Visitor: 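Attaching a single structure in structure tokens format; questions to follow.
Letters A, B, ... are given to chains in the order of the sequence lines, protein chains preceding strands, and every chain is numbered from 1. The model shown is predicted, which means the values in this text are computed figures rather than measured ones.
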2 protein chains.
Amino acid sequence: MYDSGMTTSTKAPDLTRQKLLEAAFGEIHRNGFQAASITQILCDTGLTKGALYHHFPDKKALGLAVVDEVIRPRLAALMFAPLADTRQPLAAMQALLAGKAAEDDPMVVTLGCPLNNLMQEMSPVDEGFRLQLNGVFEDWVGVVAAALERGKTAGEVRRDVEAEATAFFIVSALEGCVGMSKNTQSVTAYRSCLAQLGRFLDTLKR
Amino acid sequence: MYDSGMTTSTKAPDLTRQKLLEAAFGEIHRNGFQAASITQILCDTGLTKGALYHHFPDKKALGLAVVDEVIRPRLAALMFAPLADTRQPLAAMQALLAGKAAEDDPMVVTLGCPLNNLMQEMSPVDEGFRLQLNGVFEDWVGVVAAALERGKTAGEVRRDVEAEATAFFIVSALEGCVGMSKNTQSVTAYRSCLAQLGRFLDTLKR
DNA sequence: AATCATACATACCGGTTGGTATGTTGCAAG
DNA sequence: CTTGCAACATACCAACCGGTATGTATGATT
């Protein structure tokens with residue numbers, strides 16, 4: 001038999017692990033990795049160090065797990081999925097940007113993109129983090145590039161567009177927009193910046 | 001009389017202040033503000049806490065001074081000056097980007113843009129920092145926007161270009177390129193990304 | 001029923017942090 | 001000559017950090 005009737009209390013290791021990951025994600029998103037306090041994360045979850053260091057060997061492992069098991073899936077759902085099979089990547093991305101801009105109070109303006117935040121903070125400082133983050137980033141660029149290629153064969157995208165370089169630029173510009181808007185704390189600037197990125201996308205049209 | 005013959009030893013308050021600022025800039029550039037160690041900064045300068053806390057009330061004040069007295073002038077010399085009076089902002093920015101791309105080993109790829117780094121780290125966390133950084137950023141955008149406006153009247157830039165929004169996007173995209181290249185640690189990607197930004201600039205031509 | 005590993009909680013530790021209080025030196029004014 | 005303040009140096013501190021060692025409850029195994 002299995003513990004079907006358990007609420008949360010007794011023993012549910014994967015659940016507590018998940019709680020740790022989510023809390024860590026929140027603290028890291030708010031304060032960055034280095035400034036994220038283990039104690040605070042445990043405070044948020046109601047757990048203790050015993051639980052944490054049972055599931056993760058150290059703080060860095062927790063951070064890397066957050067990248068792989070929280071940030072990556074979120075990004076995949078938000079940004080990868082809509083482009084996964086499209087043959088009109090430009091239209092799809094325009095819709096994506098429009099959807100982003102339409103959010104009434106984007107948390108991304110308040111706290112920024114979790115991936116970008118971590119990249120800016122940790123990439124120059126820790127090679128392990130850099131590789132992990134770069135993996136997610138390159139996957140993202142890869143998804144966009146593949147979509148652009150499909151758009152080329154489908155006739156939506158100009159033939160002389162360098163898919164890989166353009167994709168890299170699109171993602172970079174998007175992250176740049178988010179980052180600068182975070183600094184400005186202005187939703188208006190955020191939307192305006194996204195609109196300009198949309199204008200660039202238009203120039204790729206055939 | 002004034003102490004004309006002093007080398008460095010006895011008393012030269014503004015010089016030690018400057019040394020503190022430069023060392024702090026370096027540590028902040030390498031590790032971020034929160035992770036920058038006061039002790040390490042003093043180690044770099046050969047000074048002590050007595051000196052530091054004589055010139056600055058606390059760590060935050062030091063950081064803000066770095067923004068105003070180190071980062072801002074550097075940025076002004078590198079990015080503002082070349083656009084100060086141009087009537088062909090597009091050509092000027094293309095030249096600027098080309099110059100950036102031509103650097104054999106841009107430190108900006110290794111450690112990123114000091115302004116961007118600080119914005120990403122500190123803006124969501126400390127309002128004082130946000131305002132200070134945003135001041136520099138908005139000045140930058142203002143310089144670009146003004147140049148674009150002059151380009152419009154001079155006939156280089158299309159009339160339907162929204163100077164302010166476009167300037168915001170240009171700077172954002174540039175910072176995005178730098179940030180992503182920092183993560184990739186690839187000078188090639190950096191140059192390629194700058195080239196794409198150049199293509200966007202071309203679309204603004206009349 | 002006894003055993004044993006998993007899944008935590010609790011208490012503790014060395015190291016580092018930013019910050020302060022006190023001391024010392026030197027130049028310049030009175 | 002001495003007084004006084006600016007410009008530092010030195011010693012010290014409480015708070016917090018990540019990490020560990022130990023203890024304990026629980027469920028599964030034999």
Visitor: Phe137(A) vs Phe168(A) aromatic rings, parallel, tilted or perpendicular, using cut-offs 30° and 60°?
Guide: perpendicular
Visitor: Using the closest heavy atom to pick a nucleotide of DNA chain D for each, name whichever of Thr39(A) or Gly50(A) lands nearer the 5' end.
Guide: Thr39(A)
Visitor: To the nearest angstrom, how far is Phe56(B) atom CZ from dA7(D) atom C1'?
Guide: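 My rounded result for the distance is 14 Å.
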Visitor: Within the modelled atom types, does a donor on one side and an acceptor on the other bring the side chain of Lys49(B) and the base of dG19(C) under 3.5 Å apart?
Guide: yes
Visitor: The side chain of Tyr53(B) is closest to which nucleotide in this list: dC8(C), dG19(C), dA9(D)?
Guide: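 It is dG19(C).
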Visitor: Just how far, in rounded Å, is C1' of dA7(C) from CG of Asp14(A)?
Guide: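 In whole Å, dA7(C) C1' and Asp14(A) CG are 11 Å from each other.
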Visitor: Over all strands shown, is Ala36(B) touching base, sugar-phosphate only, or nothing at heavy-atom distances under 4.0 angstrom?
Guide: sugar-phosphate
Visitor: Please determine if a side-chain N or O atom of His55(B) lies less than 4.0 Å away from the OP1 or OP2 oxygen of dC8(D).
Guide: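 Answer yes for this pair, as a side-chain N or O of His55(B) is under 4.0 Å from OP1 or OP2.
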Visitor: To the nearest angstrom, how far is Arg17(A) atom CZ from dC8(C) atom C1'?
Guide: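 Spelled out: CZ on Arg17(A) to C1' on dC8(C) is 15 Å.
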Visitor: Measure CG/Leu42(B) against P/dT17(C) and give the value in whole Å, please.
Guide: 11 Å
Visitor: Is Ser37(A) near enough to dC16(D) that one of its side-chain N or O atoms lies under 4.0 angstrom from OP1 or OP2?
Guide: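 Looking at the OP1 and OP2 atoms of dC16(D), neither is under 4.0 Å from any side-chain N or O of Ser37(A).
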Visitor: Would you tell me if any nitrogen or oxygen in the side chain of His54(B) comes within less than 4.0 Å of OP1 or OP2 on dA9(D)?
Guide: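 False: His54(B) side-chain N/O out of range (4.0 Å or more) of dA9(D) OP1/OP2.
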Visitor: Are there more than 12 heavy atoms of other residues, nucleotides or ligands under 6.0 Å from atom CD of Glu162(A)?
Guide: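 No - once you tally the heavy atoms of other residues, nucleotides and ligands closer than 6.0 Å, there are 12 at most.
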Visitor: How close or far is atom C1' of dG18(D) from atom CD of Glu27(A), stated in whole angstroms?
Guide: 15 Å
Visitor: Could you state the atom-to-atom distance from NZ of Lys59(B) to C1' of dG18(C) in whole Å?
Guide: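 My rounded result for the distance is 8 Å.
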Visitor: What integer distance in Å separates Ile38(A):CD1 from dA9(C):P?
Guide: 15 Å
Visitor: Rounded to the Å, how far apart are Lys19(A) NZ and dA7(C) P?
Guide: 15 Å
Visitor: Measure up the Trp140(A) and Phe80(A) rings against each other and bin them: parallel (under 30°), tilted (30 to 60°), perpendicular (over 60°).
Guide: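 Taking Phe80(A) first and then Trp140(A), their aromatic rings sit tilted (interplane angle of 30° to 60°).
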Visitor: Would you say the side-chain atoms of Lys182(B) pair up with the backbone N or O of Pro124(A), donor to acceptor, closer than 3.5 Å?
Guide: no
Visitor: Is Thr48(A) close enough to dT10(C) that one of its side-chain N or O atoms is under 4.0 Å from OP1 or OP2 there?
Guide: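 No, outside the criterion.
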Visitor: Given the rule in the salt bridge (Lys or Arg N to Asp or Glu O under 4.0 Å) test, do Arg130(B) and Glu127(B) qualify, once you have shown the distances and angles that lead to the verdict?
Guide: CA-CA 5 Å; Arg130(B) 211 209 95 219; Glu127(B) 182 69 6; 2.7 Å; yes
